[in-house]
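Since the structure comes first, as structure tokens, the remarks are kept for the end.
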Amino acid sequence: MSRDLDRPLWTDQRPWFEVWFAVVIDEGKRRAAWIRQTLFIPRSSASADSRHAGPKTGDGRATVWAAWFDADAQPTARARKRILPASAVRTGEGDVLVHHDDCSLGRRGAEGHAADLAWTLAWTGGKTESAPLPSWLPAPTHSKPILHDADATGEMTVGGEVHALRGRALVMRLYGKRRLPTLQWMWAPWLGDSALEMTAASLQDRFALGLAELRIDGPRPLRGRPASAAHPGGLVTATIAGPQRLVHARAWAEPEAMVGYAYRDTDDRDLMVAQSDSGSAHLEIWTRKLPGAPWHLTDEKRSAGGVAVEIHQHEPLPGVTYVPWDGVRFDAEVAVPPLATDAEHVPWPALGAIVALGLTYADHIRETGGTPSADAPIVAFAKHARTFVRDDGPYPVSVLAPSVDEVTAAAVALEPDDSALATRIAGMPAVLDYEGELALVALGPIDLDALAAGTPQPFGLAAANDLTARLVQALGDGQPAPYAYWAAAKSFPRFGPVSPLVWAPAGGLAAIPALTIETRVNGVRRQHASTDDIIYPLAALVRAAQSQLGRPLARGDVVLTGTPGGIGLRMSPLQRRVAARITDRFRKAEMLVSSYAASDSLLRPGDVVEVSCGRAGTVRARIVV
């Protein structure tokens, strides 16, 4: 008679581990429960006991782990753990698969407690899936789905308060001689009219030669083997690239709101597991008729909340607090940090007008195909006040990625009399890009003549990100007023995040000081330049801003002084020459969108952009859905 692989398999073999876990996400997408019952048997008692302090683990241990996520509460996440002897693990009967002392997990539900968390959960229906690897294969780790996408109900008691859950459940089983050191997982049970799951696992410390699968269930099911990655900022990405279809799937959660656990592996190393069941997800599907033809966005789906994200690796994920191997609890208390003002770092004044300047850095002028010249007129245009937002919270500023409809509406507002415009750009996305900039902040009335004569003026400085919807900007090519399109492209809500304070050098400014501007996307440096590379003097920048406003600068006015080279929109000289020969702006827009489909330098939901300007501060922004 064959063994039931869903039940305990340990028969004194070393090393060995077993895991049963369940995720239940409430249909409101704001709450979720995560339950895990494990068994750990080290390779030998000598190695385990001699190399680690705390309770002896040479005889192994059983553990009950529990996490509760509530996006509307403080703390936003709670993690609890019970440490038990290995003998506490017993085989269940009927639908109950395993007992850990008085906690149980099975095919129909789970029940148990850990400190001030207690749960009674039930699931029905769902799908049973085959294991990725046959049980007879001598792999160090085996996984086995128990139920997938089941209906779930139940209660979670949190500190004596009972919370009802109704939603979806996923139940899994893992066992073997060694934990996988690298794993990335996302599960979005409500992604539009579909459900998405992606699992990528590797036996290497960094993802290589591993197994990965992405599946979409719904009206248009899809299966594929993606290339995946985990990024700082709690982001997991997966891409399936084929000759006629391109799929981008992403899921993320703020690291400070994730639950982290240090799992002891059977090789005596700790495996750092970061988990959230209240994350978000985004999916893009691109298709084209033939290889080499333009890509077209054929489907986009979003889920704000209600998404599971999990990252396993030996290195801790920055920002995540991990419960140590011998620890038993953690609360993700997310508080707004106090603003550390001093004599030269002051709060922002009440906002006046925002003027954006363009093509002011020599290297940026070159990367856009131009030739730097201080005699050239400075590009200046207004940026809407709705873009202004300070980075003064515990998380990066959330910037909503404009939908296809919102992008179309912004373009149509510029050309209300063109009835064909909406049809020509239908289905085209925003094509988001970053621009790290130094913001010049008027802290009092500015006398341009005195500034030109060398008299310092009451200016402050701050870091800024001049986010841009490149599609809207590109539609202005060849139009009578192209900078109106630039302004619209940069004026979606919260498209101008700034650092929390203003650096106000004593005595004011007569020139822009030498500062280093650096922009990072998901921890990777994209821009690095000095303000010395600005080709215009401060007085010329102020003159251009005042000309745009039609008045002198006053307290609260903000001037974005331009971005250096290294933006996400990158074109080779050949591509620029080809684009210059195309006179149809809609054809150019189509080429831009097609290049975005396969781009890894432009922005997508989940990305975190950090702009630092030395003493002028740092601003972080995450693109969200």
Side-chain angles (χ1 to χ4, degrees), residues 23 25-30 32 71 127 148-149 167-168 170 184-200 212-229 231 233-242 244-253 276-288 295-310 398-409 425-432 469 471 492 593-594 596-600 602-607 622-625:
V23 175
I25 302 178
D26 188 72
E27 61 189 3
K29 300 184 181 181
R30 306 295 289 173
K127 310 178 187 72
H148 187 276
D149 203 25
R168 311 300 291 169
L170 183 147
Q184 298 134 19
W185 180 59
M186 65 175 82
W187 177 45
W190 298 285
L191 194 61
D193 57 0
S194 302
L196 177 147
E197 185 179 10
M198 192 285 298
T199 304
E213 181 184 37
L214 185 148
R215 55 180 290 172
I216 300 172
D217 295 319
R220 294 167 295 282
L222 184 149
R223 298 288 188 278
R225 301 288 183 184
S228 73
H231 307 268
L235 170 66
V236 174
T237 60
T239 299
I240 299 174
Q244 292 177 258
R245 184 171 63 186
L246 185 60
V247 179
H248 295 293
R250 297 172 148 238
W252 63 92
S276 174
D277 295 330
S278 57
S280 298
H282 183 252
L283 175 70
E284 293 175 356
I285 299 178
W286 300 77
T287 58
R288 59 185 177 184
W295 289 105
H296 296 278
L297 182 64
T298 54
D299 199 3
E300 182 195 19
K301 300 182 187 298
R302 304 178 175 206
S303 181
V307 175
V309 187
E310 194 165 316
S398 294
V399 180
L400 184 66
S403 67
V404 167
D405 289 343
E406 289 169 332
V407 170
T408 301
I425 65 171
M428 292 188 180
V431 186
L432 289 179
L471 175 66
F492 288 91
V593 169
S594 185
Y596 173 68
S599 171
D600 60 1
L602 290 158
L603 300 179
R604 284 186 162 83
D607 285 337
R622 186 191 289 275
I623 309 302
V624 301
V625 294

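All figures in this text were calculated on a predicted structure; none of them were measured in a lab.
Under the 4.0 Å criterion applied to side-chain N and carboxylate O atoms, R622 and D607 are not assigned as salt-bridge partners. The residues E27 and K29 are annotated as not salt-bridged, no charged nitrogen and carboxylate oxygen being separated by less than 4.0 angstrom.
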- Query: side chain to side chain contact (heavy atoms under 4.5 Å, CB included) between K301 and D193: does it pass, once the steps are laid out?
  - Reply: CA-CA 8 Å; K301 300 182 187 298; D193 57 0; 2.7 Å; yes

- Query: Would I285 and I216 satisfy side chain to side chain contact (heavy atoms under 4.5 Å, CB included), going step by step from the backbone distance to the final call?
  - Reply: CA-CA 11 Å; I285 299 178; I216 300 172; 4.2 Å; yes

- Message: As a quick check of understanding, evaluate side chain to side chain contact (heavy atoms under 4.5 Å, CB included) for L222 and I240, giving each step before the final call.
- Response: CA-CA 11 Å; L222 184 149; I240 299 174; 4.1 Å; yes

- Task: Kindly determine whether L602 and V431 satisfy side chain to side chain contact (heavy atoms under 4.5 Å, CB included), including the steps that lead there.
- Result: CA-CA 7 Å; L602 290 158; V431 186; 3.8 Å; yes

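In this structure a side-chain-to-backbone donor-acceptor pair under 3.5 Å is present from H248 to A597. Formation of a donor-acceptor pair under 3.5 Å by the S594 side chain with backbone atoms of W295 is found in this model. Between the S303 side chain and the A281 main chain, no donor and acceptor come within less than 3.5 Å of each other. The closest donor-acceptor contact from the side chain of Y596 to the backbone of A430 lies at 3.5 Å or more, if one exists at all. Using a distance-only test at 3.5 Å, with no hydrogens or angles considered, a donor-acceptor pair links the side chain of R168 to the main chain of D149. With hydrogens and angles ignored, the 3.5 Å screen pairs no side-chain donor or acceptor of R250 with any backbone N or O of L283.
Note: K127 NZ to H148 NE2 = 6.5 Å, rounded to the nearest 0.5 Å. Taken from CG in L191 to CG in D299, the straight-line distance is 8.5 Å, to the nearest 0.5 Å. We find the CD-CG distance between E406 and L400 to be 6.0 Å, quoted to the nearest 0.5 Å. Put simply, CZ on R225 and CE on M198 are 12.0 Å apart, with the number rounded to the nearest 0.5 Å. Between the CG atom in L297 and the OG1 atom in T287 there is a gap of 8.5 Å [rounded to 0.5 Å]. In this structure, OG1 in T298 is found 9.0 Å from CZ in R245, a value given to the nearest 0.5 Å.
In this structure the side chain of V593 reaches within 4.5 angstrom of the side chain of W286, judged on heavy atoms.
If you run side chain to side chain contact (heavy atoms under 4.5 Å, CB included) between W252 and each of V309, L235, T237, only L235 comes through. Between T239 and the choices V247, L246, L214, the side chain to side chain contact (heavy atoms under 4.5 Å, CB included) rule is met once, by L246.
Across every non-hydrogen atom of G218 and P221, the tightest pair is O-CD, 3.3 Å. Taking every heavy atom of both residues into account, A253 and G279 meet most closely at CB-CA, 4.1 Å. P402 and L432 make their closest contact through CD-CD2, 4.0 Å (heavy atoms, listed as atom of the first residue, atom of the second, distance). Annotation for A249 and L196: closest pair CB-CD1, 3.8 Å, computed over non-hydrogen atoms. Residues G306 and W190 come closest through the heavy atom pair O-CE3, 4.3 Å. For the residue pair P226 and G224, the shortest heavy atom distance occurs at CD-O, 3.3 Å.
E197 and W185 are linked by a side-chain donor-acceptor pair at a separation below 3.5 angstrom, with hydrogens and angles left out of the test. For the residue pair S228 and Q184, a side-chain donor N or O sits within less than 3.5 Å of a side-chain acceptor on the partner.
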